[in-house]
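Report on the structure given below.
For the numbers below, each heavy atom of this structure counts, side chains included, while hydrogens, waters and symmetry mates do not. Numbers here are sequence positions counted from 1.
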Amino acid sequence: MGDHEIRYFVIPMIVVFILGIAAISDPVLPVVGFMVVALVAILTGTVCGWLMIGIKLLRKFFQNWKEHRAVKKVITVPKR
């Protein structure tokens, strides 16, 4: 995983964290609300990041498979 793929984890995490902090309206236990928002943000970032990396790997796999299949068709010579 390269440095440019970290954005798939960090950007959703930041967005969820900011929206969660903006939505907190519980003045009784602000620390608990903050911890819940942080946990949800971390889980969302992790799920979105691994989902995007999985989609990229699947796309690469199918592209390689398609190229391999096309090369195999070109090389195959029918017998007489």
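- Hydrophobic clustering, with ILVMFWY side chains joined whenever heavy atoms are under 4.5 angstrom apart, keeps Met35 apart from Ile42.
- The number of heavy atoms from other shown groups lying within 6.0 Å of CZ (Phe17) is above 12.
- Side-chain contact between Met13 and Thr44: absent, with no pair of heavy atoms (C-beta onward) separated by less than 4.5 Å.
- Note on Val16 and Val36: same hydrophobic cluster, where clusters join Ile, Leu, Val, Met, Phe, Trp and Tyr whose side-chain heavy atoms are under 4.5 Å apart, directly or indirectly.
- The structure places CZ of Phe9 at 10.0 Å from CG of Leu51, a figure rounded to the nearest 0.5 Å.
- No continuous path of ILVMFWY side-chain contacts below 4.5 Å connects Ile55 to Phe61, so the two sit in separate hydrophobic clusters.
- Taking all atoms of both residues into account, the shortest heavy-atom contact from Val37 to Ile21 is CG1-N, 3.9 Å.
- When ring centroids are compared, Tyr8 and Trp50 stay outside the 6.0 Å threshold.
- Between the CE atom of Met52 and the CZ atom of Arg7 there is a distance of 8.0 Å, given to the nearest 0.5 Å.
- Nearest heavy-atom pair, Pro12 versus Gly45, reported as atom, atom and distance to 0.1 Å: CB-CA, 4.3 Å.
- Note: the hydrophobic cluster containing Val15 does not contain Val47 (ILVMFWY, side chain heavy atoms under 4.5 Å, direct or indirect links).
- Criterion: ILVMFWY side-chain heavy atoms under 4.5 Å apart, direct or through other members. Under it, Ile6 and Ile14 are part of a common hydrophobic cluster.
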